[in-house]
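Numbering of ligands and ligand atoms starts at 1, following listing order. Both backbone and side-chain heavy atoms feed into the values below; hydrogens, waters and symmetry mates do not.
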Amino acid sequence: MTLESSNMTLKITDLVKTFDQPGGGRLKVLDVANFAIASGEQVALIGESGGGKTTLLHLIAGLLTPDSGSIRLAGTDLTMLSEQGRDRFRASTIGYVFQTFNLLPAFTAIENVRLGMTFGHGRHDSHRALELLDRVGLADRAHYRPAQLSVGQQQRVAIARALAAKPKLLLADEPTANVDPVSAEAVLNLIRQSCIDEKLAMLMVTHSMEVAERFHRIEKLDEINHAFAHPM
Ligand SMILES: Nc1ncnc2c1ncn2[C@@H]1O[C@H](COP(=O)(O)OP(=O)(O)OP(=O)(O)O)[C@@H](O)[C@H]1O
């Protein structure tokens, strides 16, 4: 492994992704020659609606597979793994914060956080789960279910869950889109500080230039993606 690649948490090369179109034919959504994130680096991803930002995050998370190209994450090429292998790798290597939180409604805050560890660590570590809830300011809400929490609190639980398995890369897809402006500020600061504390690299999709400007680097998808709106 070269010095350069050892310092990279993520390295994407010649990535192509197409989708079947409902009316027939395929749409090439992504064609990215090179994209990398260094360890500990915080990158904001901006781009037009429908430009392929979520698709890129899903490929990095191994939730989708590319048509061609490679996605190296913490030294492993995702495209070489089976679906089961990708699931296991994702659980231990990636934290994902969604726009819609995706908490399980029947479980309490601490149970939701512990669920983030189930596959990653193969065990439930209640001490770390409580520590994470404490970090997001919700130690006193550990036994509340999502419906008993405010929207901003729910997103903070989701952040704690994303950190639970000690991942190497945090993916966040417009994590502040559904919270009020005051909570959005708190959620954003929390994600960024948590990544520093946990020595995590981060890729966050945002529509806000004001938010993006606080990151180490801004990546404009439309500039690195040569497939933008390219019907085949
Ligand atoms: N499963 C799918 N089947 C067919 N087309 C898809 C599928 N998923 C996404 N697409 C298409 O891929 C393109 C990119 O979608 P994607 O959700 O990645 O965009 P985005 O940049 O995240 O958009 P937004 O900012 O609006 O959330 C869109 O044109 C969409 O219609």
Would you mind checking if Glu41 and Arg217 are paired as a salt bridge, meaning a charged N to carboxylate O distance below 4.0 Å? yes
Are Glu198 and Arg135 close enough for a salt bridge, meaning some N to O gap below 4.0 Å? yes
For residues [X] and [Y], report the shortest heavy-atom separation together with the two atoms involved.
X      : Y      : value
Arg141 : Ala109 : O-CB, 3.5 Å
Ala158 : Val97  : O-CG2, 4.4 Å
Leu103 : Pro146 : CB-CG, 3.9 Å
Pro66  : Ile71  : CG-CD1, 4.3 Å
Ala106 : Arg145 : O-CD, 3.5 Å
Arg214 : Arg192 : O-NH2, 2.8 Å

Which of the atoms in ligand 1, numbered in the order shown and given with their element, are less than 4.0 Å from a heavy-atom of [X]?
X      : result
His207 : 25 (O)
Thr55  : 14 (C), 15 (O), 16 (P), 18 (O)
Lys53  : 18 (O), 19 (O), 20 (P), 21 (O), 22 (O), 23 (O), 24 (P), 25 (O)
Val29  : 12 (O), 13 (C), 14 (C)
Ser49  : 23 (O), 24 (P), 25 (O), 26 (O)
Asp20  : 4 (C)

Looking at ligand 1, does [X] have a heavy atom less than 4.0 Å from it?
X      : answer
Gly50  : yes
Glu48  : yes
His58  : no
Leu221 : no

Identified side chain to side chain contact (heavy atoms under 4.5 Å, CB included) counterpart of Ile191 within the set Leu200, Leu170, Thr176: Leu170
Please state which part of Thr54 comes within less than 4.0 Å of ligand 1, counting heavy atoms only: side chain, backbone, both or neither. both
Are any of the N or O atoms of Gly52 closer than 3.5 Å to those of ligand 1? yes
Any nitrogen or oxygen of Gly51, side chain or backbone, less than 3.5 Å from one on ligand 1? yes
For atom 6 (C) of ligand 1, is there a protein heavy atom at a distance under 4.0 Å? yes
Any non-hydrogen protein atom below 4.0 Å of atom 31 (O) of ligand 1? no
For atom 2 (C) of ligand 1, what is the closest protein heavy atom, and at what distance to 0.1 Å? Phe19 CD2, 3.5 Å
CA sep, side-chain torsions, deciding dist, call: Asp180, Ser183, side chain to side chain donor-acceptor pair (under 3.5 Å): CA-CA 5 Å; Asp180 66 83; Ser183 299; 2.8 Å; yes
